[in-house]
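Just below is one structure, and these are the notes that go with it.
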Amino acid sequence: MRGKAVVVTGCSSGIGRATAIYLAHIGYTVFATVRKEADASALRQLSEPDLVPVWPLDLGRSDHITAALRVIDDELARRNLQGLHAIVNNAGGGVVAPLELLDVERLRSEFEARVLGPLALLQGALPLIRQAQGRVVWITTPSLMPIPFVASIHVPDFAVNGLARTLNLELKRWRIPSIMVRCGTIQTAAPDRTARELQAGMQAWPPDRLDLYRDELAAQQAELAQYDAKRTAPEEVARVVSKALSAARPRRRYRVGRLSGLAAAVELLPQSTIDFIMLHR
Ligand SMILES: NC(=O)c1ccc[n+]([C@@H]2O[C@H](COP(=O)([O-])OP(=O)(O)OC[C@H]3O[C@@H](n4cnc5c(N)ncnc54)[C@H](OP(=O)(O)O)[C@@H]3O)[C@@H](O)[C@H]2O)c1
């Protein structure tokens, strides 16, 4: 992998951090983007010469995107590397909330992190990707399904899916594949964070409207807690990303992690059957 450079977004924790470290470990030069200086410093302390923290990159900020691209360009030149082998679009958050009570600004920022920011980053980076005949990777949920109360994660995912597949068509003549790595339940900081944010959200929502959803939300949280003990390590995702980056003929979709197979199978069912499962699970 020597001589190949990749960008991974959202490397402060979870899948992004594990992927950046793994890819650097096997020889890629990795531009690991983070939003906070403390996270850049934590990556620097790993003393991995091929791991280059890039900060601040908040994908909702076009000035950050422009500045990050400049840093990447300069560092490629300094290291005498030709172009970018890949961008791994990983950054994203999301909250648990019924659509009736979901903070629209939060959904907007999720679209910035998962859809609009990555597209702007890609637009800036495409000349470099074309130069290396590279590829684009998208970390996504395991299937396109409407799941109650997690629309802020799954609705942007529908858009990511559309972007990834459209890029496959538009970039085909340069042989730049756009690849989805569809993840099941992965052991990261995200479940605890969303549970904490849900508790805070519940304090802020009007009690009469929260009462309409309280029982269902509690039941769903209890169901999710069962999965928490059995989540897949983020390093597994890193290995699958690495496979997607090194395959001579990469697949358009990879899947990894607990429940990813089941979710992909359910996705193929008729919409009415999926709705029935969602309402009665
Ligand atoms: N965990 C799972 O089970 C699972 C399953 C399927 C798909 N995924 C997807 O995998 C990706 C990573 O999730 P994770 O579980 O590893 O979560 P995580 O540990 O919370 O990591 C999310 C990363 O995204 C960054 N981020 C969020 N918003 C951003 C923005 N606007 N600009 C730049 N960076 C931003 C975060 O930075 P800060 O630290 O600064 O907030 C953090 O580095 C997400 O896109 C998620 O939807 C996760």
Side-chain angles (χ1 to χ4, degrees), residues 10 12-18 60 90-115 139-161 182-234 236-237 255-281:
S12 66
S13 61
I15 295 170
R17 189 172 199 273
N90 162 76
V95 288
V96 176
L99 278 168
E100 181 173 348
L101 296 165
L102 175 63
D103 176 357
V104 172
E105 282 312 310
R106 198 55 208 266
L107 182 60
R108 200 189 309 279
S109 69
E110 206 49 33
F111 269 97
E112 298 278 2
R114 305 254 342 260
V115 183
I139 303 296
T140 71
T141 60
S143 63
L144 286 182
M145 268 194 291
I147 300 180
F149 312 141
V150 285
S152 74
I153 299 169
H154 288 259
V155 171
D157 228 51
F158 277 76
V160 169
N161 204 279
R182 307 177 99 197
C183 302
T185 52
I186 311 299
Q187 186 61 54
T188 70
D192 280 351
R193 180 180 46 73
T194 50
R196 273 197 314 276
E197 288 189 353
L198 174 61
Q199 290 309 317
M202 287 166 86
Q203 307 293 324
W205 292 332
D208 54 331
R209 296 178 85 180
L210 170 59
D211 282 346
L212 301 171
Y213 295 99
R214 200 186 290 274
D215 292 348
E216 258 190 284
L217 275 169
Q220 192 193 47
Q221 287 303 102
E223 186 194 352
L224 288 176
Q226 287 175 24
Y227 301 140
D228 283 348
K230 303 175 198 147
R231 287 174 172 263
T232 302
E236 288 294 313
V237 182
R255 82 179 158 73
V256 54
R258 192 158 181 274
L259 299 177
S260 61
L262 177 65
V266 171
E267 180 188 47
L268 302 174
L269 298 172
Q271 178 69 49
S272 55
T273 311
I274 295 176
D275 289 353
F276 183 86
I277 293 170
M278 286 301 149
L279 289 171
H280 297 92
R281 74 193 201 280

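What you are looking at is a predicted structure, and each value in this text was computed from that prediction instead of being measured.
Scored by the side chain to side chain donor-acceptor pair (under 3.5 Å) test, Asp211 finds Arg214 as partners (sequence neighbours excluded). Partners of Thr140 according to the side chain to side chain contact (heavy atoms under 4.5 Å, CB included) rule, which considers only residues two or more places apart in sequence or in another chain, are Trp138, Asp157, Val160, Met180, Arg182. For Tyr227, there are no ring pair (Phe, Tyr, Trp, His ring centres under 6.0 Å) partners at least two apart in sequence or on another chain. Applying the side chain to side chain contact (heavy atoms under 4.5 Å, CB included) test to Ala97 and every residue at least two apart in sequence or in another chain returns Leu102, Trp205. Remark: Arg17 engages no residue in a salt bridge (Lys or Arg N to Asp or Glu O under 4.0 Å) (not counting sequence neighbours). Glu110 pairs by the salt bridge (Lys or Arg N to Asp or Glu O under 4.0 Å) definition with nothing, not counting sequence neighbours. By the side chain to side chain contact (heavy atoms under 4.5 Å, CB included) test, Arg106 pairs with Val95, Asp103, Ser109, Arg193, Glu197, sequence neighbours left out. Residues passing the side chain to side chain contact (heavy atoms under 4.5 Å, CB included) test with Ile147 are Met145, Val150, His154, Gln220, Met278, Arg281, sequence neighbours excluded. Applying the salt bridge (Lys or Arg N to Asp or Glu O under 4.0 Å) rule to Asp208 yields no partners; only residues at least two apart in sequence or on another chain are considered. Considering only residues two or more places apart in sequence or on other chains, Arg231 meets the salt bridge (Lys or Arg N to Asp or Glu O under 4.0 Å) condition with Asp228.
Applying the salt bridge (charged side-chain N to carboxylate O under 4.0 Å, His left out) definition to pairs two or more places apart or across chains, none involves residues 269-279. Legend: ring pair (Phe, Tyr, Trp, His ring centres under 6.0 Å) pairs involving residues 259-281, not counting sequence neighbours, sorted by first then second residue: Phe276-His280.
A 4.5 Å side-chain heavy-atom check between Pro191 and Leu224 finds every atom pair outside the cut-off. The side-chain heavy atoms of Glu105 and Arg108, taken from C-beta on, include a pair separated by under 4.5 Å. Residues Pro146 and Gln271 are in side-chain contact: their nearest non-hydrogen atoms beyond the backbone lie under 4.5 Å apart. Side-chain contact between Pro206 and Leu101 is present, with at least one heavy-atom pair separated by less than 4.5 Å. Looking only at side-chain heavy atoms (C-beta outward), Leu259 and Pro142 stay at 4.5 Å or farther from each other.
Between Ser260 and Gly184, the closest heavy-atom pair is CB-N, 3.7 Å. The heavy-atom pair separating Val115 from Ala159 by the smallest distance is CG2-CB, 3.8 Å. Among all heavy-atom pairs drawn from Ala151 and Leu107, the shortest one is O-CD1, 4.5 Å. Nearest heavy-atom pair, Ala263 versus Ser143, reported as atom, atom and distance to 0.1 Å: O-CB, 3.3 Å. Across all non-hydrogen atoms, the minimal contact from Pro98 to Phe149 is CA-CD2, 3.6 Å.
With rounding to the nearest 0.5 Å, the separation of CD in Gln199 from CD in Gln221 is 7.5 Å. One finds the CD1 atom of Ile153 at 8.5 Å from the OG1 atom of Thr141 (value rounded to the nearest 0.5 Å).
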For the pair Val237 and Asn90, evaluate side chain to side chain contact (heavy atoms under 4.5 Å, CB included) and give the outcome as yes or no after the intermediate values.
CA-CA 11 Å; Val237 182; Asn90 162 76; over 6 Å; no
